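Heavy-atom basis, side chains included; hydrogens, waters and symmetry copies ignored. Because the structure is predicted, anything quoted here is derived from the model rather than measured.
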2 protein chains.
Amino acid sequence: MPKSFSFIDDYLAYLLARSSYLVSEQFHHQIQIQGWSVNYWRILASLSDEDGLTLTQLNQRVLFKQPTLSKLIVKMEQEKLLIRHKDETDKRAIKITISPQGRTLVADLLAQAKAHENTVLADYSQKQQQLLKGMLRRLVLHLQE
Amino acid sequence: MPKSFSFIDDYLAYLLARSSYLVSEQFHHQIQIQGWSVNYWRILASLSDEDGLTLTQLNQRVLFKQPTLSKLIVKMEQEKLLIRHKDETDKRAIKITISPQGRTLVADLLAQAKAHENTVLADYSQKQQQLLKGMLRRLVLHLQE
DNA sequence: AGTAGTTGTATTCATTTTCATATAAAAATG
DNA sequence: CATTTTTATATGAAAATGAATACAACTACT
């Protein structure tokens with residue numbers, strides 16, 4: 001006889017939202033203790049892989065609303081963490097790169113994030129970790145057509 | 001040679017945040033088209049499993065900030081979707097139950113949510129679905145000590 | 001080229017969220 | 001039991017968010 005779950009415990013969207021929250025919770029707290037905002041972290045982490053994205057491209061990674069990201073980017077430029085460049089091939093667009101200060105910060109945060117992930121997944125074997133991440137990667141690919 | 005991923009594509013927190021976002025995106029839009037807020041949906045869905053939770057208990061499910069939930073609950077009571085009862089055994093607490101109107105609404109939304117999940121997981125076999133959900137359930141259990 | 005539709009970003013303003021704190025009740029302590 | 005600490009909820013001021021919109025630049029079509 002199959003185990004019976006309550007609605008939310010058998011509802012994929014809830015399981016994802018909850019695990020997402022729980023996985024990030026402590027690390028976000030850790031960031032805030034250091035005086036940084038979670039939004040800054042998400043933006044910098046997204047740029048760390050691929051610098052020079054346009055605002056729209058960056059937004060597809062950080063998953064904010066466009067006006068929210070627009071304003072954050074301006075603020076982060078004022079704080080010398082990012083640089084906004086005009087895109088010469090498309091004059092509507094702005095390209096965003098990380099400043100040297102931003103690079104120093106994100107290098108530090110990336111290391112902390114990896115360390116935190118290691119503690120979160122401490123009880124998972126390498127194989128289990130890859131299985132979990134692999135399933136999520138496939139789900140993401142599947143959903144963003 | 002193992003495939004190499006960019007930071008965010010190998011970072012569990014990001015994979016969860018992104019898949020969570022993608023899975024819920026269309027359904028949230030669907031809710032908003034009908035004139036409801038996503039927050040209302042989350043609150044009602046959480047109560048649908050277990051009515052009569054206190055605000056704190058409910059908040060552990062919906063994952064808001066406490067003042068946010070306090071205000072939403074008051075608003076939803078004014079709109080006759082919920083009822084706030086004094087808890088007689090703990091006079092600080094309030095217990096929250098769904099009103100008849102709320103029940104009608106949540107029944108409708110639950111059906112829509114299930115239908116949406118079915119389309120999201122259409123390409124997954126029953127076995128794969130259980131594997132995915134099972135891994136997430138274990139992750140959640142693992143993280144909430 | 002001229003027009004119509006689309007895309008990329010910024011801005012405004014109303015709403016929502018949150019931090020900090022208040023308050024009252026319960027629990028723990030000595 | 002009196003006192004301190006913790007817990008549950010509410011509230012007000014400040015900050016963040018987002019829907020709507022504006023505008024400029026690009027694309028597609030005739």
Side-chain angles (χ1 to χ4, degrees), chain A residues 17 21 24-25 28-44 46-47 50 52-79 81-97, chain B residues 17 21 24-44 46-47 50 52-79 81-97:
Chain A
Y21 177 90
S24 299
E25 185 181 31
H28 288 177
H29 189 238
Q30 185 176 320
I31 289 177
Q32 286 169 329
I33 300 244
Q34 299 170 57
W36 299 107
S37 87
V38 172
N39 287 344
Y40 279 27
W41 154 240
R42 307 228 303 209
I43 289 169
L44 288 169
S46 297
L47 286 168
E50 207 180 342
L53 298 172
T54 67
L55 197 132
T56 300
Q57 291 170 329
L58 177 57
N59 200 41
Q60 288 165 348
R61 288 173 169 69
V62 294
L63 310 172
F64 297 151
K65 296 280 151 61
Q66 178 265 315
T68 303
L69 185 59
S70 269
K71 287 166 199 163
L72 283 169
I73 291 300
V74 168
K75 229 173 78 183
M76 289 178 79
E77 185 176 50
Q78 287 165 354
E79 296 174 24
L81 295 170
L82 301 178
I83 306 166
R84 289 158 17 110
H85 312 267
K86 296 190 190 67
D87 184 338
E88 282 310 317
T89 67
D90 183 344
K91 286 180 184 160
R92 297 166 302 177
I94 63 164
K95 290 196 157 197
I96 302 156
T97 53
Chain B
Y21 176 90
S24 298
E25 185 180 33
Q26 305 109 316
F27 183 59
H28 288 176
H29 189 238
Q30 186 176 321
I31 290 176
Q32 287 169 327
I33 300 246
Q34 299 171 57
W36 300 107
S37 86
V38 172
N39 287 343
Y40 279 27
W41 154 240
R42 306 226 305 208
I43 289 169
L44 289 170
S46 297
L47 286 169
E50 207 181 341
L53 297 172
T54 68
L55 196 133
T56 301
Q57 291 169 329
L58 177 58
N59 200 40
Q60 287 165 348
R61 287 172 171 68
V62 294
L63 310 172
F64 297 151
K65 295 280 151 61
Q66 178 265 314
T68 303
L69 185 59
S70 269
K71 287 166 192 165
L72 283 169
I73 291 300
V74 168
K75 230 174 78 183
M76 289 177 79
E77 185 176 49
Q78 289 165 353
E79 298 174 22
L81 295 170
L82 301 178
I83 306 165
R84 291 158 16 110
H85 311 267
K86 294 191 190 65
D87 184 339
E88 282 310 319
T89 68
D90 182 345
K91 287 180 185 159
R92 297 166 302 177
I94 65 162
K95 288 194 162 200
I96 301 157
T97 53

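- Around NE2 of A:His85, the count of heavy atoms belonging to other residues, nucleotides or ligands within 6.0 Å exceeds 12.
- Spacing between atom CG of B:Leu69 and atom P of D:dA10 amounts to 9 Å, rounded to whole angstrom units.
- As a whole-Å value, the separation of B:Asp87 CG from D:dT7 C1' is 13 Å.
- Computed from coordinates, the B:Phe64 CZ to C:dC19 P distance equals 15 Å when rounded to whole Å.
- Rounded to an integer number of Å, the gap from CG of A:Leu63 to C1' of D:dG18 is 16 Å.
- Between B:Glu88 atom CD and D:dA8 atom C1' the separation is 15 Å, expressed in whole Å.
- Separating the NE2 atom of A:His29 from the P atom of C:dC19 is a distance of 10 Å, rounded to the nearest angstrom.
- Between A:Gln57 atom CD and C:dT9 atom C1' there is a gap of 14 Å when expressed in whole angstrom units.
- Within 4.0 Å (heavy atoms only), B:Asn39 reaches sugar-phosphate atoms of the nucleic acid but no base atom.
- Looking at every heavy atom in both residues, A:Thr54 comes nearest to A:Ala93 through CG2-CB, 4.2 Å.
- One N or O on the side chain of A:Asn59 and one on the backbone of A:Phe64 form a donor-acceptor pair closer than 3.5 Å.
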Polar atom pairs (N or O), protein with nucleotides 10-14 of chain C, under 3.5 Å:
{"from": "C:dA10", "atom 1": "OP1", "to": "A:Arg84", "atom 2": "NH1", "distance (Å)": "2.5"}
{"from": "C:dA10", "atom 1": "OP1", "to": "A:Arg84", "atom 2": "NH2", "distance (Å)": "3.4"}
{"from": "C:dA10", "atom 1": "OP2", "to": "A:Ser70", "atom 2": "OG", "distance (Å)": "2.9"}
{"from": "C:dA10", "atom 1": "N7", "to": "A:Gln66", "atom 2": "NE2", "distance (Å)": "2.7"}
{"from": "C:dA10", "atom 1": "N6", "to": "A:Gln66", "atom 2": "OE1", "distance (Å)": "3.0"}
{"from": "C:dT12", "atom 1": "O4", "to": "A:Lys71", "atom 2": "NZ", "distance (Å)": "3.2"}

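- Judged by atom type and distance alone, A:Arg92 does not reach the base of C:dT9 through any side-chain donor-acceptor pair under 3.5 Å.
- Side chains of A:Leu47 and A:Leu82 form a contact here, defined as non-hydrogen atoms less than 4.5 Å apart.
- B:Ser37 comes within 4.0 angstrom of no nucleic acid atom, judged by non-hydrogen atoms across all strands.
- In this structure, B:Lys95 reaches neither bases nor backbone, as no heavy-atom distance under 4.0 Å exists between it and the strands shown.
- Listed for the A:Glu50 side chain is no donor-acceptor partner under 3.5 Å among the backbone atoms of A:Ser46.
- With B:Arg84 as the partner, the side-chain contact (heavy atoms from CB on, under 4.5 Å) test is satisfied by one option alone out of B:Ile73, B:Thr97, B:Leu55: B:Ile73.
- Side chain of A:Lys65, nearest nucleotide from D:dA19, C:dT17, D:dT9: D:dA19.
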